[in-house]
Amino acid sequence: MSMTIAEKILKAHLVDGEMKQGEEIGLRIDQTLTQDATGTMAYLQFEAMGVDQVKTERSVAYIDHNTLQSGFENADDHKYIGSVAKKHGIYYSKAGNGICHQVHLERFGAPGKTLIGSDSHTPTGGGIGMLAFGAGGLDVAVAMGGGAYYIPMPKMVRVTLTGKLQPWVAAKDIILEVLRQMTVKGGVGKIVEYAGEGVKTLSVPERATITNMGAELGATTSIFPSDEVTKAFLEAQGRGDVYVPLSSDADAKYDEEYVVDLNALEPLAAAPHMPDNVAGLAELGPIKVNQCCIGSCTNSSYYDMMKVAAILKGKHIHPDVSLTISPGSMQVFHMLAKNGALSDIISAGARILECACGPCIGMGQSPESAGVSLRTFNRNFEGRSGTQDAKIYLVSPETAAASALTGVLTDPRTLGEMPAIEMPEHFDINDSMIVLPSEHPEEVEVQRGPNIKPFPLGEALPERWAGKIVLKTEDNITTDHILPAGSKLLPYRSNIPYYSNYCFINVDPKFPARCQEQGGGVIVGGANYGQGSSREHAALVPLYLGVRAVLAKSFARIHKANLVNSGIVPLTFADPSDYDAVELLGTISFPNLKSEIASGAQITVEAGGKVFKADCDVSDRQRGALLAGGTLNYAKQSAK
Ligand code: MIC
Ligand code: SF4
């Protein structure tokens, strides 16, 4: 049978189920990654499983999100993660070594392997031909323990890239064009594969920019073929031995097809406040810009930074603009320092930040009130920058650098001839900031500072449940809406009780208090509920507040899996018009919840003076988890 690239990797890793669309499949996972904002929870859950040493080929714990350390909290988290890593066979990438996805691509990623990471942008690894998924922390913990990772068998989408990018048009513009065509919901339940003659014209970092933002399509993952370009990249990283070629069969079948003509593509931007709100720069006009931020796991490679340095060389940024640059990794940073490009960047007036997520997750550099910020990042959700009324535009590094010089949104094609940037034949290899696991794990003591609090566990489902609707939301609620991040809150990722005071704070500040008054309840959501990040806190905190079910028009994949893992029932309206019948603080009950979940029947809902049906579209394994009050309870029960 002819297969797509993804199908070949799935088949080689299939340990459970059949590869039939929509049916749940279990996959063997070769590699895992965590970052610190989700890592503490993932490792607390891993510890609860009682596994001694990780069973994967490689597991890496990165510190890249919370690096401000304005109190003991972040430092405690780092210490905890570092000690767990040492004890359980996990590599530990220290703060300053770089952003997880960039470092993983450079130092660990390998074509044909499976990777899951407790971060939604883990599909960055697709740029090197990995089948890489974003997942909740518990799923990563299970994979570290040697368990399978479960997903519904996705549909296959092919995006054919024809032609070749024209000068000053970038990989970022390709993915923005795909987002324009497919929208932030268009990738849900699908794997996006890139093909066509344009593929070989793109370097690995450019491919990774594209697969990274597949997360914004809602896609299960995205992947490029593994070819001579992949091989050259791996060889330049001193890792040529992990190269394997990968391509789809000539007559592989795809469920959907898109085409992007690279010859005709122009520089684009995603306007506030959604990554699919894409327009050409000419259409947007010369908007006055206050801030430009270059970096993030989307655009912080050596290649990106060298382009920026060449644009800034010998020039000065506009007096009204603050330009920040965060190189993606210590490798990138060091190479810029060694070859003098850093000096071009600094003398132009840029502010150099640490090799970390930084402004992308609101850790500093919040724009001024109503400020306009051009960012090479992947998300421009309202308020994510830390300034509620800021306007964030997502652009390529070329567009950000050009605009930093002029002070207005500027088409980089006005800069004249494009500087030629070559990929290096050898990257600078220095893994000194990656700490290896201990050879004497029994001697390592796990360090738990006062910020590390236990995580909540769900309860077994009752037959009948009745309570109040504690929130009713619109469509496209992101996990940033559910639980904001940023410098004030990220330090509390390992402290659910404290974090719970901020649940939905920017949507409905009374939500936490209402949950306390009502003893929890049900959230009613619109379409694509829970899009965005993989943070399982967006399930664990509502669980802590007593939320029993979320009844929505539809869910984003990772969030839905996180809800099930925590024991919150994800329900969808069988008839979406019933959404209008229910209201905030209305009574809602599920008279036959347990038996209907157990039998796979539709769920009876009594609300808004009506009786109607909802679907609980989950696998048998997930039914078991819901009945038990979450995956950990279920695993314990099954082990008895
Ligand atoms: C993000 O970009 O929102 C994050 C922070 O990287 C998240 C993970 C998190 O919330 O910790 C993600 O994308 O999964
Ligand atoms: Fe970090 Fe931003 Fe990438 Fe999330 S999207 S991993 S916060 S750089």
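In each ligand, atom 1 is the first atom listed, and ligand 1 is the first ligand listed. We use all heavy atoms of the structure for the numbers below, so side chains are in, but hydrogens, waters and symmetry mates are not.
Between R493 and ligand 1, an N or O atom pair is found at a separation short of 3.5 Å. Where the criterion is an N or O separation shorter than 3.5 Å, residue side chain and backbone included, D480 fails it with respect to ligand 1. Taking only nitrogen or oxygen atoms, main chain and side chain alike, T38 does not reach within less than 3.5 Å of ligand 1.
In D119, the parts holding a heavy atom less than 4.0 Å from any atom of ligand 1 are both the side chain and the backbone. Contacts between H537 and ligand 1, counted as non-hydrogen atom pairs separated by less than 4.0 Å, are absent for every part of the residue.
The protein non-hydrogen atom at the shortest distance from atom 13 (O) of ligand 1 is S120 OG, 2.5 Å. Nearest to atom 8 (C) of ligand 1 among the protein's heavy atoms is Q35 NE2, 3.1 Å. Counting protein heavy atoms only, atom 10 (O) of ligand 1 is closest to R535 NE, 2.5 Å. Regarding atom 1 (Fe) of ligand 2, its nearest protein heavy-atom neighbour is C357 SG, 2.3 Å. With hydrogens left out, the protein atom closest to atom 2 (Fe) of ligand 2 is C360 SG, 2.3 Å, a heavy atom. When only non-hydrogen protein atoms are considered, atom 7 (C) of ligand 1 lies nearest to S533 CB, 3.2 Å.
For the residues D119, N378, T124, the heavy atom positioned nearest atom 6 (S) of ligand 2 is part of D119.
The aromatic ring centroids of Y544 and F455 lie 6.0 Å or more from each other. Aromatic ring centroids of Y43 and Y80 lie 6.0 Å or more apart. Taking the six-membered ring where the residue is Trp, the centroids of Y498 and Y492 are separated by under 6.0 Å.
Salt bridge E47/R448: present, at least one basic N to carboxylate O contact under 4.0 Å. Salt bridge annotation for D76-K79: absent, with no cationic side-chain nitrogen under 4.0 angstrom from a carboxylate oxygen. Look at R535 and D119 and you find no salt bridge, because none of the NZ, NE, NH1 or NH2 atoms lies under 4.0 Å from a carboxylate O. The pair D431-R107 meets the salt-bridge criterion, with a side-chain N (NZ, NE, NH1 or NH2) lying under 4.0 Å from an Asp/Glu carboxylate O.
Those atoms of ligand 2 that come under 4.0 Å of a heavy atom in C297, given as number and element, are 3 (Fe), 5 (S), 6 (S), 8 (S). Shown in contact with S534 at under 4.0 Å from a heavy atom are these atoms of ligand 1, numbered in order with element: 12 (C), 14 (O). Residue contact check: A37 has heavy atoms under 4.0 Å from atoms 11 (O) of ligand 1. Of all the atoms in ligand 1, the ones that sit under 4.0 Å from a non-hydrogen atom of I361 are 3 (O), 5 (C). The contact set between ligand 2 and H121, taken as ligand atoms under 4.0 Å from a residue heavy atom, comprises 5 (S). If you number the atoms of ligand 1 from 1 as listed, the ones under 4.0 Å from a heavy atom of H65 come out as 4 (C), 5 (C), 6 (O). Every atom of ligand 2 with a heavy atom of H65 under 4.0 Å away is listed here by number and element: 1 (Fe), 4 (Fe), 6 (S), 7 (S). Using a 4.0 Å cut-off to heavy atoms of R379, the atoms of ligand 1 that qualify are 1 (C), 2 (O), 3 (O), 12 (C), 13 (O).
Geometric assessment of R58 against the ring of Y91 yields a positive cation-pi assignment under the 6.0 Å and 45° thresholds.
E354 and T67 form a side-chain donor-acceptor contact under 3.5 Å, judged by distance and modelled atom types alone. Residues H481 and T478 have side chains that bring a donor and an acceptor to within less than 3.5 angstrom of each other. H13 and D30 share a donor-acceptor pair across their side chains, judged by distance under 3.5 Å alone. T376 and N299 form no side-chain donor-acceptor contact under 3.5 Å, judged by distance and modelled atom types alone.
Proximity of R384 to ligand 1 is established by a heavy-atom distance of less than 4.0 Å.
In this structure, Y529 and F504 have tilted ring planes: the angle between them lies in the 30° to 60° band.
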